[in-house]
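These numbers come from a predicted model, not from an experiment.
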Amino acid sequence: MSSLHKWAKIGVSTGCTYPRIWTLERFNPAAGYNLRQEWASKLYKTLGIQVIIQDWNLKGQPLDGILAPPTNLQSYQRGNIYGRGGPFIFLNLTQQSLVESPALIIALGQTCPSIAHSHFIFVNLRFSFVPFYGWEHWWKGVVVIKAWQWHARRGLDAALHEIVHRRRSCYMSIEGQRSRTGDLSPYKTGAARLAIQARTPIVPIVFHGAAAYDLLPFGEWAVRPGRLVMELLPPLCMQGVSLSERHELTHRLREMAEARRAAFQDASARREPGWQFS
């Protein structure tokens, strides 16, 4: 099946499914989100992408799974952190491809349905033009023009209100844009500022296998079949962290992303089960 045929099939499916999702979620959020998960699963199946969720915050998560655990994991082996109800800031540390964001729908639906029903996404204006999936962020999420600093600050204030007063979890990217090369882009301090002001834990997310030339290169529409691994790391608590430490926090998050990417590359080089891309 050609990429054009795949995207046409996805477009028809999305156009038929999303109005039903929006209608269902008004009366039965759980049923609406289940339909949303089905849509995301079909999207990946059509594109030939296998999604693997590795969440280190779940009780019973196998430590000998597809990737060695983070070094700070042991202190968090006390059960499912999502049972606390949140809110959390799910922070993407490696924004590589358009194929990443639907994985969050699957991950949250599997691990924390109560958060999944109410979370919002902090997106750039360009992403909000994606038919249906992007459009809904105009009324469900926060849309900003990140090139305009005053507009980005206003967006962060709106996100802060949603987190603190409406107790909604947030998903956002620390880079603010997709990488054009597969390398990490410069990190912005807005996410650190938001987390510190909201006193909300950050759940760092690292995507593996979505580098610019692996699945969907920047500026292209030809999707290459493969595996997309979404790794959710132990949370960073913001209690006691001051706003003056936002640069240090941002640097720490970048070091974390670099360490997990290196761990993925080492596992791939050793050809460990589950990590070879077909």
Side chain to side chain contact (heavy atoms under 4.5 Å, CB included) evaluation trace for V229 with I53 | CA-CA 6 Å; V229 180; I53 308 295; over 6 Å; no

Over all heavy atoms of both residues, which pair between [X] and [Y] is shortest? Give the atoms and the distance, please.
X	Y	answer
S169	I115	OG-CG2, 3.4 Å
G109	A116	N-CB, 4.2 Å
R168	S118	NE-O, 2.7 Å
E175	S185	OE2-N, 2.6 Å
P235	V203	CB-CG2, 4.3 Å
E100	L228	CA-CD2, 4.2 Å

Let me see the working for F120 and I163 under side chain to side chain contact (heavy atoms under 4.5 Å, CB included), right down to the final yes or no.
-> CA-CA 9 Å; F120 69 97; I163 294 170; 4.1 Å; yes

Pairwise distance [atom1]([X]) to [atom2]([Y]) - rounded to 0.5 angstrom:
X	Y	atom1	atom2	result
I52	R227	CD1	CZ	5.5 Å
L47	K42	CG	NZ	14.0 Å
T17	W22	OG1	CH2	11.0 Å
Y44	I105	OH	CD1	8.0 Å
C170	F90	SG	CZ	10.0 Å
L233	D55	CG	CG	9.0 Å

Report the residues that fulfil ring-ring contact (aromatic ring centres under 6.0 Å, His included) with H247, sequence neighbours left out, ordered by chain and then residue number.
-> none

Sorted by chain and number, sequence neighbours left out, ring-ring contact (aromatic ring centres under 6.0 Å, His included) with Y187 holds for none

Is there a side-chain contact between [X] and [Y], using heavy atoms and a 4.5 Å cut-off?
X	Y	value
L253	P204	yes
P234	N57	yes
L104	H119	yes
F207	L93	no
M256	L236	yes
Y33	L108	yes
V51	K45	no
W56	Q54	yes

Please assess E25 against R20 for the test salt bridge (Lys or Arg N to Asp or Glu O under 4.0 Å), listing each intermediate value before the final yes or no.
-> CA-CA 9 Å; E25 286 184 334; R20 293 170 55 205; over 6 Å; no

Going by salt bridge (charged side-chain N to carboxylate O under 4.0 Å, His left out), name the residues that satisfy it together with [X], two or more places apart in sequence or in a different chain.
X	value
R246	none
R166	E162
E258	R254

Does E245 reach the main-chain N or O of S242 with its side chain, forming a donor-acceptor pair under 3.5 Å?
-> yes

Transitively linked via ILVMFWY side-chain contacts under 4.5 Å: Y18 with F129?
-> yes

Joint hydrophobic cluster, L35 plus F27, side-chain heavy atoms closer than 4.5 Å | no

For the residue pair W39 and Y133, does the interplanar ring angle fall in the parallel (under 30°), tilted (30 to 60°) or perpendicular (over 60°) class?
-> tilted

Look at the aromatic rings of W135 and F132 and report parallel, tilted or perpendicular, splitting at 30° and 60°.
-> tilted

Criterion side chain to side chain contact (heavy atoms under 4.5 Å, CB included) on T250 and I174, from CA distance to verdict = CA-CA 9 Å; T250 302; I174 195 169; 4.3 Å; yes

Extract all donor-acceptor atom pairs below 3.5 Å that involve side chains of residues 192-200 and protein atoms in other chains or at least two apart in sequence.
from	atom 1	to	atom 2	distance (Å)
R199	NH1	I196	O	2.5
R199	NH1	V241	O	3.2
T200	OG1	A198	O	3.1

Residue pair I205, E231: steps toward the side chain to side chain contact (heavy atoms under 4.5 Å, CB included) verdict = CA-CA 6 Å; I205 296 175; E231 185 181 17; over 6 Å; no

Check whether the side chains of E38 and S41 place a donor and an acceptor atom closer than 3.5 Å, and report yes or no.
-> no

